Amino acid sequence: MPEPLPQSVLFCCDHNAVRSPMAEGIMKQLYGTDTYVQSAGVKSDLDIDGFSIAVCKEIGVELARHRVRSFDEMEEWGDDLSSFDIVVALSPASQRRALELTRWFHLDVIYWPIMDPTGLGEGREAKLSAYRQTRDQIRNHLIDRWGDPKEQET
C-alpha cells in the first residue's frame, strides 16, 4: 500500500549531477506540485550530466536547466534541512552526510540503493542504457513508495 505524499522531500547523491536531479525531475513529473521537491549532493563540483538530461528527456522530464548544489550551499541559501519531511539518499556517502546533518532533529532519512551509471558502458548506446536503468530504478522506487499517480487521479 503506497504511503501518502510528503509535504516536502529532498533527494541527495554524491554530486547532484546524475541520480538526485533525475529523482527530483521524475517526482515532479509524477506527482506535480503537491510536494515541494529539491535535490542536493555531498559536493557540487560537477555540472548536470548530459546522459541524465538525455534519458530523462526521453520520458518528458526536463533537466537541462538544473543547477547542481551541495548540502552546504543549501544551507548558505537558506534551505534548512529540518524543513523537509523526508530525505531520500541515493548513495551511501549522501546517506552518511544526511544522517550527520539531521542528527539534532527528527527527520526520516531513507536510503534507496540506486545504481551509479557514470563510468558504465562503452560507447554512447551502452552508456545511455546504463543511465536508463538508473532512471527506471528511481521511477520504480517512487511509484513503490508513493503509488502510481495515474491511480490517484479519480
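Quick caveat, the model's predicted, so the values are computed rather than measured.
The minimum heavy-atom distance between Ile86 and Pro6, with the atom names listed, is CG2-CG, 4.0 Å. Residues Val68 and Ala17 come closest through the heavy atom pair CG1-CA, 4.1 Å. Considering every non-hydrogen atom in both Gln137 and Pro113, the closest pair reads OE1-O, 4.3 Å. Counting all heavy atoms, side chain and backbone alike, Tyr111 lies closest to Leu90 at CE1-C, 4.1 Å. In this structure, Gly147 and Tyr31 approach most closely via the heavy-atom pair O-OH, 2.6 Å. When all heavy atoms of Tyr131 and Val18 are compared, the closest pair comes out as CE2-CG1, 3.8 Å.
Residue Ser39 holds its OG atom at 4.0 Å from NE2 of His66, rounded to the nearest 0.5 Å. Rounded to the nearest 0.5 angstrom, Thr118 OG1 and Lys127 NZ are separated by 8.5 Å. For the atom pair CG of Leu5 and OG1 of Thr35, the computed distance is 4.0 Å after rounding to the nearest 0.5 Å. Taking OG from Ser94 and NE2 from His15, the interatomic distance works out to 10.5 Å, rounded to the nearest 0.5 Å. For the atom pair CZ of Arg67 and CG of Asp47, the computed distance is 8.0 Å after rounding to the nearest 0.5 Å. Taking OG1 of Thr134 as the reference point, atom CZ of Phe51 lies at 12.5 Å (rounded to 0.5 Å).
The other residues sharing a hydrophobic cluster with Leu120 are Met115, where clustering joins ILVMFWY side chains under 4.5 Å apart.
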Can Arg103 and Leu99 be said to form a side chain to side chain contact (heavy atoms under 4.5 Å, CB included), step by step? CA-CA 6 Å; Arg103 69 179 177 268; Leu99 288 169; over 6 Å; no
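Between the side chain of Asp85 and the backbone N or O of Gln7, at least one donor-acceptor pair lies under 3.5 Å. A donor-acceptor pair under 3.5 Å links the side-chain atoms of Ser8 to the main chain of Ser83, judged by distance alone. Judged by distance alone, with hydrogens and angles left aside, the side-chain atoms of Arg19 form a donor-acceptor pair with the main-chain N or O of Ile114 at under 3.5 Å.
Heavy-atom neighbours of Glu122 CD from other residues, nucleotides or ligands within 6.0 Å: at or below the threshold of 12.
Partners of Lys28 by side chain to side chain donor-acceptor pair (under 3.5 Å), not counting sequence neighbours, listed by chain and number: Glu24. In this view, Arg69 and Gln38, Asp79 satisfy the side chain to side chain donor-acceptor pair (under 3.5 Å) rule, not counting sequence neighbours. Under the side chain to side chain donor-acceptor pair (under 3.5 Å) criterion, Asp108 pairs with no residue at all, not counting sequence neighbours. For Phe71, the ring-ring contact (aromatic ring centres under 6.0 Å, His included) test picks out no residue, with sequence neighbours left out. Partners of Glu58 by side chain to side chain donor-acceptor pair (under 3.5 Å), not counting sequence neighbours, listed by chain and number: Arg132, Arg135.
Using cut-offs of 30° and 60° for the angle between ring planes, the Trp112 and His141 rings count as parallel.
Here the options are Asp14, Val87, Val42, the test is side-chain contact (heavy atoms from CB on, under 4.5 Å), and the partner is Arg97; only Val42 passes. Of the candidates Asn140, Ile110, Val9, Ile110 is the only one forming a side-chain contact (heavy atoms from CB on, under 4.5 Å) with Arg145.
Linking ILVMFWY side-chain heavy atoms closer than 4.5 Å, directly or via other members, places Leu10 and Leu107 in a single hydrophobic cluster.
Under the 4.5 Å side-chain criterion, counting only non-hydrogen atoms from C-beta, Asp34 is not in contact with Trp146.
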